[in-house]
Amino acid sequence: MSDEKLTPRSENFSDWYNELVLKAELADYSPVRGCMVVRPYGWTLWENIQQALDKRFKETGHVNAAFPLFIPMSFLEKEKAHVEGFSPELAVVTHGGGEKLEEPLVVRPTSETIIGYMYSKWIKSWRDLPLLINQWGNVVRWELRTKLFLRTAEFYWQEGHTAHATEQEAREETLRMLDVYTDFSINEAAVPVIKGIKSETEKFAGAVMSTTIEAMMQDTRALQSGTSHYLGQNFAKAFEIQFTNQNNELEFAYTTSWGLSTRMIGAIIMTHGDDQGLILPPRLAPIQVVMIPIYKNDAEKAAVMPVTDRIFRELKAAGLRLKVDDREGLTPGFKYNDWEMRGVPLRMEIGPKDVEKGSVALARRDIPGKAGKSFVSQENLIATVQEMLTTIQAALLERAIAMRDSHIDDPQTYEELKQVVQSGWAFSYWCESKQCEAKVKEDTKASTRCIPIEGQPEHEGKCIVCGAPAKRKVYFAKAY
RNA sequence: CGGGGUGUGGCGCAGCUGGCAGCGCACCGCGUUUGGGACGCGGGGGUCGUCGGUUCGAAUCCGACCACCCCGACCA
């Protein structure tokens, strides 16, 4: 149970986040440094995320499989950029069964290499392509500085790995899955995102092109919430993923990979949460409606509970996820605060007055206090509740979009840009040179987040940093 | 790895000019409560981060070590 209040976001956003994750019982610190324990409430949220994504993966022709947790060290070393990118953060197993291993095994930081190895065995002909596999699992990256959900040494995710006969197909797949992430994020998590292309310095180790969905948190920092990579033939060459094409010629396949992790939970927390606690989008919430029966004595309890039970059964049968908080010895007020901390989108109060009048009280989590409270008839309650959940889902998205859009600026000078990225994102022309990117980072700590795929101006402009001609605009922002 | 800080019941802390451990919350029991964080009474729980030193006596003084946190470095 949650007891005290959270540190207000305005006072210390980071403290607010850490306290919220613990008090909402999403996760807890583990005895292993940097690793988290995902508690049942947090894991149920993750399961709902998994379901929504998995459905979309299946609809786009993918199947699930499982690859080993351990990867021979030599595999990592086969792709130069890949090993350079990941070697500082590898966990390595050197012993097994009491004996030193002939070859160290790395605990997978991602599975391109071992999946590449398997693909080379499985792919012989153009008829074997495309190969579209996804894996749900965990990976380990030895992070120096960790934060629950956002950056942990071990995290849970899915990684899709596909192989294609042509560059065009693989590039299409890369963008198709970015679209899947975008659709999921906006329509399930109510987290608005901007999809775009990563700069050369920000892209995945071993990729030809990385794409990303970037979300703005309430402190205006950017969070990369999902990524999709076009790997070209880099891994195909490293692992000899070759096929015979229709002209009987041997060709390297074109591969992609894409992932979304438990970091998404962090995105949901920091997009929607308020000073009372978590606010979950109804479509993903483990509990969509919490019912709180109210009574003063046994006589009232005897009147209230049958009505509560009846409504519970009706709503449950309609497919709603709900819970009756029938804990004894706690005041209703305490329970309200307790469920608000956990972010349940809708609260239903049923007391003696409601039993008498055939009504219930509904309180929206996204609108605190009296303003969000309404008294509705028990008639047509299923439809009323479903409508209200839909309304809340839409309101959360709308509010997040408004927040984001009001914190994106188009600075006209470099001096302005330096100001803008202190409390928002700058959308500016950039010449795409590493020097200019590095200068911004050095001066402001803001990095390039992405070159958005949509919403680019029709005309060229001048780089905000050096003034050289620039074709495209990029978002500069401080990031998690 | 550099700078700063903290280690005392589950959590947050007090005690630190040495005298044998305490408060709030949480937890357990009983009773009264219950439409926005209830109250009373009664309980249980700590080798004071570790090791060593000083002392008749150490949570307290000294030394070493360990762990964690914050800032920085690092972070597909």
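Quick caveat, the model's predicted, so the values are computed rather than measured. In what follows, chains carry the letters A, B, and so on, assigned in the order in which the sequence lines appear, proteins first and then strands, with residues in each chain numbered from 1.
Here the P atom of nucleotide G37(B) and the OH atom of Y336(A) are 9 Å apart, to the nearest Å. The nearest whole Å value for the distance from the CG atom in D326(A) to the P atom in U34(B) is 19 Å. In this structure, N297(A) places its CG atom 13 Å from C1' of U32(B), rounding to the nearest Å. What separates CG of D28(A) from C1' of G10(B) is a distance of 11 Å, to the nearest Å. If you take CD1 of I292(A) and C1' of G36(B), they are 10 Å apart, rounded to a whole angstrom. Rounded to an integer number of Å, the gap from CG of L22(A) to C1' of G12(B) is 14 Å. Atom CG of L330(A) and atom C1' of U34(B) are 10 Å apart (whole Å). Atom CG in N337(A) sits about 5 Å away from atom C1' in G37(B), given to the nearest Å.
Residue E340(A) is in base contact, counting any heavy-atom pair closer than 4.0 Å across all strands shown.
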Could you walk me through whether N12(A) and T7(A) pass the side chain to side chain donor-acceptor pair (under 3.5 Å) test, one step at a time? CA-CA 7 Å; N12(A) 187 327; T7(A) 298; over 6 Å; no
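Within residues 345-363 of chain A, the residues that place at least one heavy atom under 4.0 Å from RNA chain B are, in residue-number order, R347(A), E349(A), G351(A), P352(A), K353(A), D354(A), A361(A).
To the nearest whole angstrom, the two P atoms, one in C11(B) and one in U50(B), are 15 Å apart. Spacing between C30(B) and C69(B) at atom C1', rounded to whole Å, works out to 42 Å. Nucleotides G57(B) and G53(B) are separated by 15 Å at their C1' atoms, to the nearest Å. As rounded to the nearest Å, G46(B) and U8(B) have C1' atoms that lie 8 Å from one another. Distance check on atom P: G24(B) versus C61(B) gives 26 Å, rounded to whole Å. Of the C1' atoms belonging to C70(B) and C16(B), the separation is 24 Å, rounded to the nearest Å. G42(B) and C25(B) are spaced 14 Å apart, taking the P atom of each and rounding to whole Å. Taking the C1' atom of each, G18(B) and C27(B) are spaced 34 Å apart, rounded to whole Å.
None of L396(A), V289(A), L389(A), I279(A) except one satisfies the side chain to side chain contact (heavy atoms under 4.5 Å, CB included) rule with P345(A); the exception is L389(A).
For A59(B), there is no paired nucleotide, since no Watson-Crick or G-U wobble pair has both relevant distances below 3.5 Å. Partner assigned to U17(B) is none, using Watson-Crick or G-U wobble distances below 3.5 angstrom. Shown here, G7(B) forms a base pair with C66(B); the pair counts as Watson-Crick or G-U wobble because both key distances fall under 3.5 Å. Under the Watson-Crick or G-U wobble criterion, with both distances below 3.5 Å, U32(B) is paired with A38(B). In this structure G44(B) sits in no base pair that meets the Watson-Crick or G-U test at under 3.5 Å.
Within 6.0 Å of atom CD in E19(A), more than 12 heavy atoms from other residues, nucleotides or ligands are found, so the atom counts as buried in its surroundings. Other residues, nucleotides and ligands place more than 12 heavy atoms under 6.0 Å from the OH atom of Y295(A). More than 12 heavy atoms of other shown residues, nucleotides or ligands fall within 6.0 angstrom of atom CG in N297(A). Within 6.0 Å of NZ in K373(A) there are more than 12 heavy atoms belonging to other residues, nucleotides or ligands.
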Considering only nitrogen or oxygen atoms on both sides, find all protein atoms under 3.5 Å from nucleotides 43-46 of chain B and state each distance.
none

Between N or O atoms, less than 3.5 Å apart, protein on one side and nucleotides 73-76 of chain B on the other: list the pairs.
unit_1, atom_1, unit_2, atom_2, d
C75(B), O2, R151(A), NE, 3.3
C75(B), O2, R151(A), NH1, 3.2
C75(B), O2, R151(A), NH2, 3.4
A76(B), O3', K203(A), O, 2.7
A76(B), O3', A205(A), N, 2.3
A76(B), O2', K203(A), O, 3.0
A76(B), O2', F204(A), N, 2.7
A76(B), N7, R141(A), NH1, 2.0
A76(B), N7, R141(A), NH2, 3.1
A76(B), N1, Q224(A), NE2, 2.7

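You'll find the ring centres of F239(A) and F75(A) inside the 6.0 Å limit. H82(A) has its ring centre less than 6.0 Å from the ring centre of F204(A). Here the two rings, on Y475(A) and W430(A), have centers that are 6.0 Å apart or farther. Ring centers of W43(A) and Y41(A): at least 6.0 Å apart, outside the cut-off.
Between T331(A) and A38(B), a side-chain N or O to OP1/OP2 separation shorter than 4.0 Å is present.
Ion pair K195(A)/D179(A) flagged as a salt bridge, since at least one NZ, NE, NH1 or NH2 atom sits closer than 4.0 Å to an Asp/Glu carboxylate oxygen. Ion pair E200(A)/K203(A) flagged as a salt bridge, since at least one NZ, NE, NH1 or NH2 atom sits closer than 4.0 Å to an Asp/Glu carboxylate oxygen.
Classified by interplanar angle (parallel below 30°, tilted 30° to 60°, perpendicular above 60°), the ring pair Y230(A)/Y254(A) is parallel.
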